[in-house]
Amino acid sequence: MRKLNTLSLGLSLWLGMIMATGSALAAGAGGKITEHDWSFSGPFGYFDQASLQRGFQVYREVCSGCHGLEFISFRNFAELGYNEDEIKAIAAEYEVVDGPNDEGEMFERAAIPADRYPSPFPNENAARAANGGAYPPDLSLIVKARPNGANYIYSLLTSYTDAPSEMDVPEGMHYNEAYAGQMIAMAAPLYGEDVDYADGSDTSIEAHAADVVSFLAWASEPEMEKRKRTGLAVLIFLSVMCVVSYKAKQYIWSDVKKA
Amino acid sequence: MQMQNFKNPVVNWIDHRLPVFSFMHHELNEYPTPKNLSYLWNLGSLAGFALVMMIATGIILAMHYTPHVDHAFASVERIMRDVNHGWLIRYIHMNGASFFFIVVYIHIFRGLYYGSYKAPRELLWILGVMILLLMMATAFMGYVLPWGQMSFWGATVITNLFSAIPFIGESIVVWLWGGFSVDNPTLSRFFALHYLMPFMIVGVVLLHIIALHRFGSNNPLGIDVSGKQDTIPFHPYYTSKDLFGLVVFLTIFASAVFFYPNFLGHPDNYIPANPLQTPAHIVPEWYFLPFYAILRAIPDKLGGVLFMFGAIAVLFVLPWLDKSPVRSGRFRPIFKVFFWLLFADCILLGYLGAKPAEGIYVVLSRLATAWYFFHFLLVLPVLSLIERTRPLPQSISAPIIGGMAMAGAAAKREKPDA
């Protein structure tokens, strides 16, 4: 009875904290979000490398015109399943500014795997000037930087429709049901069949969106697979230790007379 | 303190000149502890563990972090991506802050329920409230360091509170910022203070433990230890129990760190700080939400700040507000009800702190704030005068009133109130 009281006190304290926290974070974005089934969600989540490579292709051929990926280096693409030569070849397609050289001049050279992925604009002002005043955000953390990130971006990419007739869409804006306020400066980036996949897989707008979101989820949390795998081992170890330490405690306490 | 005779001659030689081993034996080994402590008494050692864990991970993070507005955000991402196991160290530190507060809040509510703040433990309690204040300051400054959107805007909102102080408020804010807005000088000093304050906490924790060991732990019955038959040595009994509690804590903590590391955080803090763009809702970390709700409940800025700090200040004088001689809520039928109302009130305040300050939320915030102060300033003093408490057991060892009580003891005790 007394034990139960204590237990319920402890548990309700705990649950109270968790509930308060959960509701604190439930505040959403306001657009219509569709839930998608991701290979990388859940405790056994993993990245599908083929999808990551296709997503990278979509990013490269569509998104990278306006959106940077500043925290990703070419060497990181090893995690997408590319080998060293392939990475060198990908990097060599880009020019980066290096220097100063012995004459004190900055110069351009082909990128190497150690270089960061080059951003499309030199700074935010240049990006805004080229995009009608709107700033295309860097995408390296975008999945983590939005509530329900993966589903949100997937929905955003697939929710461009014609505005309802009573709604007035201003010049330079676009109607998108997933976006809070429904008016977004970014024009629809995907229509389906935007990119030719080498592996001949589905090129519908949904497939493109799912692939590029997988790629961006990887860019946001490249440690995810390792983290979850380590976590499973840690939890198995701790569960065993729970039993062991509880038994040890029971054994030690066996000579204490209960009041 | 009695000197021990140790088997190891080297230990004995040192102990004779520097009695650290006798001290440890006295305070950690034979230290007599009430034998009826429940698992709620595990939270103290857990808080100590959390503090050490935060300092250890924090020192490693500081080796890789750059406290500059142009580099802070990128340096955190470098830790996450390029430093060996940097993601693990940062996620432990980030979630560790939340879990430290969970542990400490349970620890505090345990103290509230079982009257652990009452004589002769008033200073022990006050030192604890000081630790809470230091923790809040440390956590607030730590949240600023990654220099994301919530870091920046949280820092702006909270430092601006000081401008409510009449006459000198504006000057104080400029002094805190080291400039005319939250900027690089603010970040560097927050980093320096964020590194300093945990060690101040360690100092107060040591005082907290010294004060604790003066009279020993309170216990679920809230009655004093009456003799040797009521206590057991700290080691191996409570060391083994604390170890089990620690493993359970680590299991829950690891689930968060490895599987939901960003659940307790805010997505906006993965957007680099931008002084020109205010986030739609500026919310503090969850552990500040009840105080944030109190702050916003008061329509006047200075009043809000005073009530917010008052919510902590009232805890400092709690030992003199609740004068009931009975410590444990178990024997205080009316107090018990009000305790749970206060608990629900704090949860409600936390919920309201996360909601926008509009409509029904404002009304509820005001009611909940009023109830918080009503509880401490009116309910507790009045209850200590009028409440009829249930009879206390004679000692910890004696059979105890309750479901398992033996027939003899049940006969001895007075008739409970109808």
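A note on names: the letters A, B, ... follow the listed sequences, proteins ahead of strands, and every chain is numbered from 1. Quantities reported herein were computed from a predicted structural model and do not represent experimental measurements.
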Got a sec, which residues hit side chain to side chain contact (heavy atoms under 4.5 Å, CB included) with B:A50, two or more places apart in sequence or on another chain?
B:F100
Non-hydrogen atoms of [X] and [Y] that approach each other most closely:
| X | Y | answer |
| --- | --- | --- |
| B:Y237 | A:I252 | CE2-O, 3.2 Å |
| A:W253 | B:S240 | NE1-OG, 3.6 Å |
| B:R81 | A:S220 | NH2-O, 3.7 Å |

Near [X] [atom1], under 6.0 Å, is it more than 12 heavy atoms from other residues, nucleotides or ligands?
| X | atom1 | result |
| --- | --- | --- |
| A:Y94 | OH | yes |
| B:N84 | CG | no |
| A:D255 | CG | yes |
| A:Y246 | OH | no |

Between [atom1] on residue [X] and [atom2] on residue [Y], distance to nearest 0.5 Å:
| X | Y | atom1 | atom2 | value |
| --- | --- | --- | --- | --- |
| B:F244 | A:M241 | CZ | CE | 11.5 Å |
| A:M224 | B:F259 | CE | CZ | 11.0 Å |
| B:H85 | A:E223 | NE2 | CD | 11.0 Å |
| A:E124 | B:N274 | CD | CG | 6.0 Å |

Which atoms of [X] are under 4.5 Å from chain A, going by heavy atoms: the side chain, the backbone, both sets, or neither?
| X | value |
| --- | --- |
| B:A280 | neither |
| B:S98 | neither |
| B:Y287 | neither |
| B:D82 | side chain |
| B:L88 | neither |

Scored by heavy-atom pairs under 4.5 Å with chain B, the best of A:G42, A:G149, A:A248, A:A219 is A:A219
Just so I understand: if I count every heavy-atom pair under 4.5 Å between each of A:L141, A:V244, A:D138 and chain B, which residue has the most?
A:L141
Toward chain B, the part of [X] with a non-hydrogen atom under 4.5 Å:
| X | answer |
| --- | --- |
| A:N148 | neither |
| A:E70 | neither |
| A:P222 | side chain |

For a 4.5 angstrom cut-off between non-hydrogen side-chain atoms, does B:Q277 reach A:Y135?
no
Going by heavy atoms in the side chains, are A:R146 and B:I271 under 4.5 Å from each other?
yes
Within residues 225-239 of chain A, residues adjacent to chain B where the heavy-atom gap is under 4.5 Å:
A:K226, A:R227, A:K228, A:T230, A:G231, A:L232, A:V234, A:L235, A:L238
